[in-house]
Undergrad: 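After the structure tokens below, expect a handful of questions from me.
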Amino acid sequence: MKGGDDAKVLAGGQSLIPLLKLRLASPTRLVDINGIPGLEYIRESGGYLRMGALTRMADLEASDLIMKRYPIIHDASVEIADPTVRNLGTVGGNISHGDPANDLPAIMLALEAEFVAEGGSGSRTMKAEGFFVDTFTTALNHNEILTEIRVPMASPRSGGSYLKLEKRIGDFAIAGSAVQLSLNSRGECERLGVGLTAVGPTAIKAKKAEEALKGKKLTDEGAIRRVGELAAEAASPTTDLRGPADYKKEMVKVLTIRSLKRAYQRAQRGGM
Amino acid sequence: MEGGKTKMHIAVTLNGKKYDADVEPRLLLVHFIRENLGLTGTHIGCDTSNCGACTVLVDGKAVKSCTVLAVQTNGKEVLTVEGLAKGGKLHPIQEGFWEKHGLQCGFCTPGMMMAAYALLQKNPSPSEEEIRRGISGNLCRCTGYVKIVESIQYAADKMMMAERKMEVPAK
Ligand SMILES: Cc1cc2nc3c(=O)[nH]c(=O)nc-3n(C[C@H](O)[C@H](O)[C@H](O)COP(=O)(O)OP(=O)(O)OC[C@H]3O[C@@H](n4cnc5c(N)ncnc54)[C@H](O)[C@@H]3O)c2cc1C
Ligand code: FES
Ligand code: FES
């Protein structure tokens, strides 16, 4: 948490209140943004899937649009924390918190999302890449709040998948891998997005892995394996209660390969 | 919300009864319920928002009352375990825990029952898998969950039956 004495935005409170209880954060003021109207929505318009920052994670889980067209987000929505936490926790909070163990940041990196922030001096749009600066630190300025999360609209030959390994239901990830794939008309990889959870100081965009498959067929087992290996190389996990670092790296490889295969199946079915 | 000693006024409807109070902004909902209102059915089992012993409903949604500030419930409706029984008659969920031995020490039980209540409101006939997912924010250190799942199944059946009876026109 940046500076102990500043005001803090309170959204779902499911990360912030636990920090306050443990005295890991002690802001002098909390600004409850739940009263701001019009920040809870999920819709497609103007070429984007748009989610208001105060959209609850339970609403992601319940959304038909998300389930049918953005399965990568649906995958996460049923695995983030537990249903009680998801009733309050917000999409904006999950992203603004800057916790590498949160699940949505890696997905936003894979989807090449954009974030809209409003501050004293107006509004600006940031790319997900570059937004996650360090653990608990994002590109948001202190006087800004995140208002909208935008994801380029899913194209017909695209599919995504998020896989997360957890010790028990409801826990943070040991490791997680988000994969978003677009195919060209010949069935080759046109674009690949790979984001990793809980294996570094921030969520990680595995760029070399993303490049490795360009123009290749998804039937090329060697190429798929290579994506997994490059994703593991991009990870820099630490050894902790959730497992040793080398194990987590290996899991990144396995999860990325599985996630890629599932994303491919879904892309062939038109996203679902 | 101002820190320090400034109190804020809240008006909350809890188990159908209106309460007005001046509380510190930092007061957690669970402390408000237990200490200010003296309703100790809602338990505190952890410091980390993990166990769900403190689960209550706010405007119909299950939340961990140790991870909500009391001031955030201003103008809202809260339901705690004390609000389940009506007119001295146990709620089918309570009856289910009784009949199916859904508790041993009972510490997790109020939270379990409130999570089950919220689940059955959304999904009146959940599968075992859906029940297990539905209560995944609630930890029990005694039962191994099998009996809890059975208790909730019992309640679901009982509530469905009550519903059907109401649909049958009176003779
Ligand atoms: C038991 C438990 C298990 C959990 N497991 C997982 C898990 O497996 N995966 C996972 O991803 N998360 C998990 N979480 C975290 C949960 O998903 C949080 O709800 C979420 O990360 C934060 O969202 P929030 O709305 O509650 O944010 P808050 O707690 O309100 O805020 C978090 C931070 O973000 C800032 N913030 C919030 N909204 C905005 C905004 N719009 N603009 C600017 N800043 C903002 C706040 O100032 C604060 O610093 C878990 C939480 C608990 C309690
Ligand atoms: S007391 Fe454990 S989750 Fe609230
Ligand atoms: S009955 Fe003892 S914790 Fe559940």
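Every value quoted in this text rests on a predicted model; they were computed, and no experiment measured them. Within every chain, numbering begins at 1; the chains are lettered A, B, ... in the order of the sequence lines, protein sequences first and strands thereafter. All values below were derived from every heavy atom in this structure, side-chain atoms included, with hydrogens, water molecules and symmetry-related copies excluded.
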Undergrad: Can you tell which part of A/Arg168 gets under 4.5 Å to a heavy atom of chain B, answering side chain, backbone, both or neither?
TA: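 The side chain, not the backbone.
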Undergrad: Which atoms of A/Asn34 are under 4.5 Å from chain B, going by heavy atoms: the side chain, the backbone, both sets, or neither?
TA: side chain
Undergrad: With a 4.5 angstrom heavy-atom cut-off, which part of B/Ile135 approaches chain A: side chain, backbone, both or neither?
TA: neither
Undergrad: Side chain, backbone, both or neither: which part of B/Arg132 has a non-hydrogen atom closer than 4.5 Å to chain A?
TA: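 Looking at B/Arg132, nothing touches chain A.
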Undergrad: Contact between A/Asp103 and A/Ser77 at the side-chain level, heavy atoms closer than 4.5 Å - yes or no?
TA: no
Undergrad: Among residues two or more places apart or on two chains, list those pairs meeting ring pair (Phe, Tyr, Trp, His ring centres under 6.0 Å) that have a residue in residues 39-73 of chain B.
TA: B/His43-B/Phe107
Undergrad: Could you label the plane-to-plane angle of the A/Phe136 and A/His97 rings as parallel, tilted or perpendicular, counting under 30° as parallel and over 60° as perpendicular?
TA: tilted
Undergrad: Could you give me the CA-CA distance, side-chain angles and deciding distance for A/Leu163 and A/Asp75, then say whether side-chain contact (heavy atoms from CB on, under 4.5 Å) is met?
TA: CA-CA 7 Å; A/Leu163 283 176; A/Asp75 288 344; over 6 Å; no
Undergrad: Between B/Thr55, B/Val63, B/Leu119, B/Val68, which shows the greatest number of heavy-atom pairs under 4.5 Å with chain A?
TA: B/Val63
Undergrad: Check whether any side-chain N or O of A/Glu148 sits under 3.5 Å from a backbone N or O of A/Arg50 as a donor-acceptor pair, and report yes or no.
TA: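 Side chain of A/Glu148 to backbone of A/Arg50, a donor-acceptor pair under 3.5 Å: no, none is there.
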Undergrad: What residues of residues 146-154 of chain B sit under 4.5 Å from chain A when only non-hydrogen atoms are counted?
TA: none
Undergrad: So, for A/Ala173 and A/Thr197, which heavy atoms are closest and what is the spacing to 0.1 Å?
TA: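 Closest approach of A/Ala173 to A/Thr197: CB-CG2, 4.1 Å.
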Undergrad: With side chains defined as the heavy atoms from C-beta onward, is the minimum distance between B/Thr67 and A/Pro18 less than 4.5 Å?
TA: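 A side-chain contact exists here, since the closest heavy-atom pair is under 4.5 Å.
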Undergrad: Does A/Asn143 CG have over 12 foreign heavy atoms under 6.0 Å away?
TA: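 Counting other residues, nucleotides and ligands, CG of A/Asn143 exceeds 12 neighbours.
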Undergrad: Using the rule salt bridge (charged side-chain N to carboxylate O under 4.0 Å, His left out), only one of A/Lys68, A/Arg69, A/Arg150 pairs with A/Glu44; which is it?
TA: A/Arg69
Undergrad: Would you mind checking which part of B/Ala115 comes under 4.5 Å of any heavy atom in chain A, side chain (CB onward), backbone (N, CA, C, O), both or neither?
TA: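 Neither part, no heavy atoms under 4.5 Å.
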Undergrad: Between B/Ala118, B/Ser49, B/Gly52, which shows the greatest number of heavy-atom pairs under 4.5 Å with chain A?
TA: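 When all of B/Ala118, B/Ser49, B/Gly52 are compared, B/Ser49 has the most.
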